[in-house]
Structures are given as structure tokens and as C-alpha cells.
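Taking it in order: structure first as C-alpha cells, then the write-up.
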2 protein chains.
Amino acid sequence: MVSTQPTLREVAKQAGVSIATVSYVLNGRTSSKKTISEATRQRVLQAVSELGYTPNQSARHLRRQQTERLCIVLPRLGVPYYEILCQHVAAVAEQHHYNVVISLTGTREKEQEVLQQLQRRLADGVLAVHGDWTAEELERLVASGIAVTLMHNETQGRGIDIVQTTEEEAFYQAICYLLQQGYRRIACFYVERFGRDGRLEAYKRALNTFHLPLDETLVIHTPESRKAVYERITQLLRQEERPDAIFTGSDNVAITALWAAQDAGLNVPDDLAVIGSGNIPEGEITSPPLTTVGPASLDFGDVAEMLIDRLRNPDQPQRILLREWELIIRGTVSDKK
Amino acid sequence: MVSTQPTLREVAKQAGVSIATVSYVLNGRTSSKKTISEATRQRVLQAVSELGYTPNQSARHLRRQQTERLCIVLPRLGVPYYEILCQHVAAVAEQHHYNVVISLTGTREKEQEVLQQLQRRLADGVLAVHGDWTAEELERLVASGIAVTLMHNETQGRGIDIVQTTEEEAFYQAICYLLQQGYRRIACFYVERFGRDGRLEAYKRALNTFHLPLDETLVIHTPESRKAVYERITQLLRQEERPDAIFTGSDNVAITALWAAQDAGLNVPDDLAVIGSGNIPEGEITSPPLTTVGPASLDFGDVAEMLIDRLRNPDQPQRILLREWELIIRGTVSDKK
DNA sequence: TTGTAGGCGTTATCAG
DNA sequence: CTGATAACGCCTACAA
């Protein structure tokens, strides 16, 4: 079996015209008025559909010096926040005739590999989400003519548009809220990253504000799988001096905490308060509904627009999009105490 | 700002050699023995790293007639099953020096667009998961020299390797199990697709086996969002003649049903039985733990291997990988009755 | 209104 | 051992 991708030349032969004519018909727009007679136009289109012709991307991109593709780089799947983001970006990109592919990094190694791919022009633009890329690495991408938008609170770089959130401030408020309500043994589940973790920083700062000491045994690295999370929390709740509140880096972990608490016979919020992060829709239908911290808006259209805008106009000044996060009070923290 | 992607030519100039020499150094392998003196070799590598040269993908692919890329096509994100799949495939592909990108289809429209992309050689191989592509469309891909592996129970085509599951049989067993336990008003949540839905077929067949009539009001199209699912189930449970069992097409929906039941004051499994599908890890930590139907194994390495194998050897006979699904009995169906 | 030709950056086949 | 050089398939300025 031979791969028989028809070429422009074959279409031209089939239609009995030159390749340039075919190209004109297909690409339409060209400088000034390149009109094609309706007759040849039809013949060309006929030939195209007969052969099932479709232009070769590599050739087109080589010639045009652009891929008409965007790449969203995610650390991993399974995060609702990312899923919404991908949907919105894909929708907006589509309107602007860009295709979207997703690359998964996961490990630092894989991250480097994706960086390579991008350097080699996998796409014209990148939306890098929460990765561990350094400013230097990102700037190298920009230097090779790739538009970069970064969703990250810690990293930034020249020529890179950034989407930042006020999440750390919201985390701080959340912890303070727990402390105000009288909770004292607050467990904090953080996510390991290369840089600093906003959750942890907010946690420490809040304890400081209330002049409370840090208990290291309450600072817990979030396990990978949900089941492992459940087991870790269960263990935590069964120990001698159990925490009276749990602050987590994700709503999924928080919901898991709700399950673990129920199974351990603890009442939420009276025996145990829980605060999540991310404000996923599930949080509204747990019982009690989940008090959480999350973005005030989940519309990522503007992020996509910003990326595409830079693509069209690479020399414009760098921009920062600030997204408000807020404490969303529902039912998993007690009001009295 | 100009995009300054250095080219082979520039590297050659910098190193004071011809572009051919640079190519030899970088690609190493070539017909017979093309040795390069260590001296020039070093000079070339020096120049490469000085300029930060990295070969242009489009040009390379155009010349080589391959992209060294695989594409996983998913209907949407947010499905744990897909996420595991992606991880496994990415891991295996990486070993074989293939890159992996993910494309999202969602709508039928988007599906066509991705098909276009693939036709234009977005990738050398496709793993199409649960889409609505017709055999014809897929065969067209194969005809243009793209390796296709399809995970689908209903579709197949010439030259296309297929991964099928025995899920419909397992669904049938699940419904029969409910009926055997004495449940009679079983609600079935199905997922709309273009073709037939295995869940629905299994449901009807099981009712048939037990000589029971089909109650259309118990056949329910699964809403999009989890919150909408919750509301739909709540409504269902509060109606006059409520169902005494729920069979769902996904564990997430089943877990949502657990929540809705709890909030409606119903005991699972005594007042309401629930069976999910997919066997996600969360099912083990709900209370009661979720009875479900799912794949006996969640290792997708062999799927990736099959795809890569076909890439390397396109003319081999078509293969079918059959993956066993089974009923996993836990705590959401009553034993007595 | 249509055709010709040159080149995008690589690779690979030839000679030198 | 190294250097020209011809494709790969497409686009487009320029010529006819």
C-alpha cells in the first residue's frame, strides 16, 4: 500500500490548468484582483473533490512560515479548570482559524521535550499553563518568533503576556476566615512544584497574622491518586490530635475530604471544616455544599483573544491579565464557634 | 522584533562548512559509511549550540514525508478513562520517539475539522477514541497513508486496527443482576451518539429477557454538566413513581446519583440501587462503594504498541484487540430483596 | 485570465 | 571525507 496523497500538481493536471490556477482558486485572496473564470474555477473544484485533494500542511507551513496552530501546554489532565480552559480556547481559536492541540508535560523531562517541539514550530503560539518552565526558556521561544502566553503566578518574562490570579490573596483570606471562626488545627494540603506554592505561603502568612505557630505535621503533600488522598485524610482524621479543619489545593481533594470525614463519623462543618480551591460545579451539589476559593469568572475567552492578538501583532507591549479569585462561602465551615 | 529561527545554512556558514556536512553531523546515520572528521564535527556542534539551532519541523517533515507525531482524538476532556489512556499512550510513544498531541472534537463540526487536519498530515498515526467518524472517513485517512487505530465498538473499516470492549455484554449482566435482585423500575442514563448506544441496547435486551415492558420515562439522556445531572436525578427521585435503581453510563454520573439519593433522604442500596460504568478509582471510596461495570485492566500500553507497530509496518494484516469488561460488585446494590 | 519559476529549510544522492 | 544540488509540495511575484 502506497500513501497516495494527491498533490497540487496532480489536481492541476486533472483539471487541465496550471498549478498556480489551482492555488488561486483554493486560496482565493491574493494581491489585487486575480479573478478566475467561473468555468476553470468549476473545473478545478471538480478535480479537487474527485481526487480528494487536501493541501499538505508541512509544505504549506514551510512556505508560509506559520502553522496556524496553537498549543496548550498542560501539566496533566483531570483538572476541571484546565478542561474548561481548553474548551474556551479551542472555541475562540476556531473562530480565528487556528487549530488547537494539547501537549502534556507531566515530568520535567517531558516538559523539555515539548519545549523542543515548540521551538521547532509545532505551533505559532503557546498557552503555557502552570508549568515549571523558566523565564529563560520561555523567552527563547519568544525569540524564535513564537507567541507565548503564560498562566502562572510566579514566572514572567520579556515579551510574554501573562495571566495572573489573585489566588494567593484568596487563600490567605480563606485561612484567616477559618482562624476567625475559631478553628485552630488547620491541615494544609499543598502541591509540590519547583517554585513556591501560593497555598503554603498564604497558610504561613495567615498563621503569622494570628501569631500562631506552624505545626509541620499539618502541612501535607497531596498524594497523586484520589484514593491515596482519601487514605491519607482518613489516617489524618483518626490520629490522636486530629485537625479541626482542612484547607486543600483543589476542590476534588476537598470533596474527598468530605467523604473521608463522613466515613470517619465526623460532622462537617461542626467537627471538621473544609475549604477547597477551584470552585468546580460539583462543589455546589455536595452536602454540605463546599466552601471554596476560586476564580470569580470562568470565562477564558479573553485569554485566547490575548494570545491571538499577539500572534497578529507581535510587537505590541506586553500585557498582564489579572483574574480575581475570591472566597466562596457555602456550607463546610461552621458559622458559630 | 523579527523571528530569528536560525537555519541550517547559517549554521554551515558559522562553522565554515557546507550545509550537507551539518546535516550529516546532526542526523548521523546515512547510507554506507559517511564519516566526518572529529575536527569538523566539533566545529559544527559548536556552531549549532552557539546559534541555538533547532531544525524546522515543517521542512523536515516535508522532506521526510513523516511527522513523527501521533494524535489522540478525544470527544472531550473530563473522562478519567481518557486521561489514563493518554498517559499510557504518551509514555509508550515517547519510547519510540513519537510525539503525542491531543485533539478535541466535541461537535460533529469540530470532528470534521480534525479529520481535515489529519488528512493534511498533522500526524503519522491517529488513535481515534469513541468518535462519530464513519468507516468511510477513517478509510480515507488510511488511504492517505496514515495509520489508524480505532477504539470503538460499533465502527470498523479496512486497514484499521480496532480496540473493542465487551462492555455491552457487561452492561447486560449489570441490568440482569439488578433484575435478579428484584429491582423493577430501573432508570437508564444513556449518552447520545450518532450510532447505537450499547448501554441502551443492553438495557432493552435485559428487559426483554425478563419479559418486562420498557418504560420510556425511565430512559434518560444524560445532561452535560454534573450539576444538571444532579438536578435531573433529584427530580427523578422526587417524582410519584420513582425508580428503585439507576444504571448510568459513567461512574461520575453514578456518584452524582449517590449524592442526590443521600440529599433526597434515600438509602443506597435499600431504597435505591446504583450501578456505574468505567470503574474509576473514586468508586472504591464512596460510601457505599460503587458497584460498577468496567474494564478488567486499565493498561493501554498494548494499544499504543499496536499503533506504533502499524506505523512501522503498514502492510500487516488488520488486528483487533478485545478488552474484557466485567461487573464489579461492591456496595450499591442490595443483596437481599 | 492564466502560466512560469523561484524559494521556504531539509535531506539525500551524487560527484569531487 | 566533504560540497553541490535536486527534490519534497506549496505559494506568489511577475511575465505572458
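Residue numbers begin at 1 in each chain, while the letters A, B, ... track the order of the sequences.
Computed from coordinates, the A/Asn56 CG to D/dC8 C1' distance equals 8 Å when rounded to whole Å. When rounded to the nearest whole Å, the span between CZ of B/Arg41 and P of D/dT2 equals 11 Å. Atoms CG (A/Leu62) and P (C/dT11) sit 12 Å apart, rounded to a whole Å. Following rounding to the nearest Å, B/Ile19 (CD1) and C/dT13 (C1') show an atom-to-atom distance of 13 Å. Atom CD of B/Glu10 is separated from atom P of C/dT10 by 9 Å (rounded to the nearest Å). Atoms CZ (A/Arg9) and P (C/dT4) sit 11 Å apart, rounded to a whole Å. Rounded to a whole Å, the CZ atom of B/Arg120 is 10 Å from the P atom of D/dC10. B/Arg63 places its CZ atom 7 Å from the C1' atom of C/dT10, with the value rounded to the nearest Å.
Within the 4.5 Å cutoff, side-chain heavy atoms of B/Tyr98 are placed close to those of B/Asp124. Taking the side chain as every heavy atom from C-beta outward, A/Val48 and A/Val25 never approach each other to under 4.5 Å.
Checking the phosphate oxygens (OP1, OP2) of C/dT2, no side-chain nitrogen or oxygen of A/Thr21 falls inside 4.0 Å. The shortest distance between the side-chain N/O atoms of A/Gln65 and the OP1/OP2 oxygens of C/dG9 is below 4.0 Å. Distances shorter than 4.0 Å separate some side-chain N or O of B/Ser18 from OP1 or OP2 on D/dG3. For C/dT11, one of the phosphate oxygens OP1 or OP2 lies less than 4.0 angstrom from a side-chain nitrogen or oxygen of B/Arg60. Between B/Thr40 and D/dT2 there is a side-chain N or O to OP1 or OP2 distance below 4.0 Å.
There is a side-chain donor-acceptor pair under 3.5 Å between A/Gln42 and A/Glu38.
The backbone N or O of A/Gln316 lies less than 3.5 Å from a partner atom in the side chain of A/Arg310, making a donor-acceptor pair.
Projected onto DNA chain D by closest heavy-atom contact, A/Gln57 and B/Arg43 fall at different nucleotides, the more 5' of which corresponds to B/Arg43.
Aromatic ring pairs are classed by plane angle as parallel below 30°, tilted from 30° to 60° and perpendicular above 60°; the pair A/Tyr81 and A/Phe300 is perpendicular.
The side chain of B/Tyr24 lies closest to C/dA12, out of C/dT10, C/dA12, C/dT2. Of the candidates C/dG9, C/dA12, C/dT11, C/dA12 carries the atom nearest the B/Ala20 side chain, counting heavy atoms from C-beta on. Among the nucleotides C/dG9, C/dT11, C/dT4, the one closest to the side chain of B/Ser23 is C/dT11.
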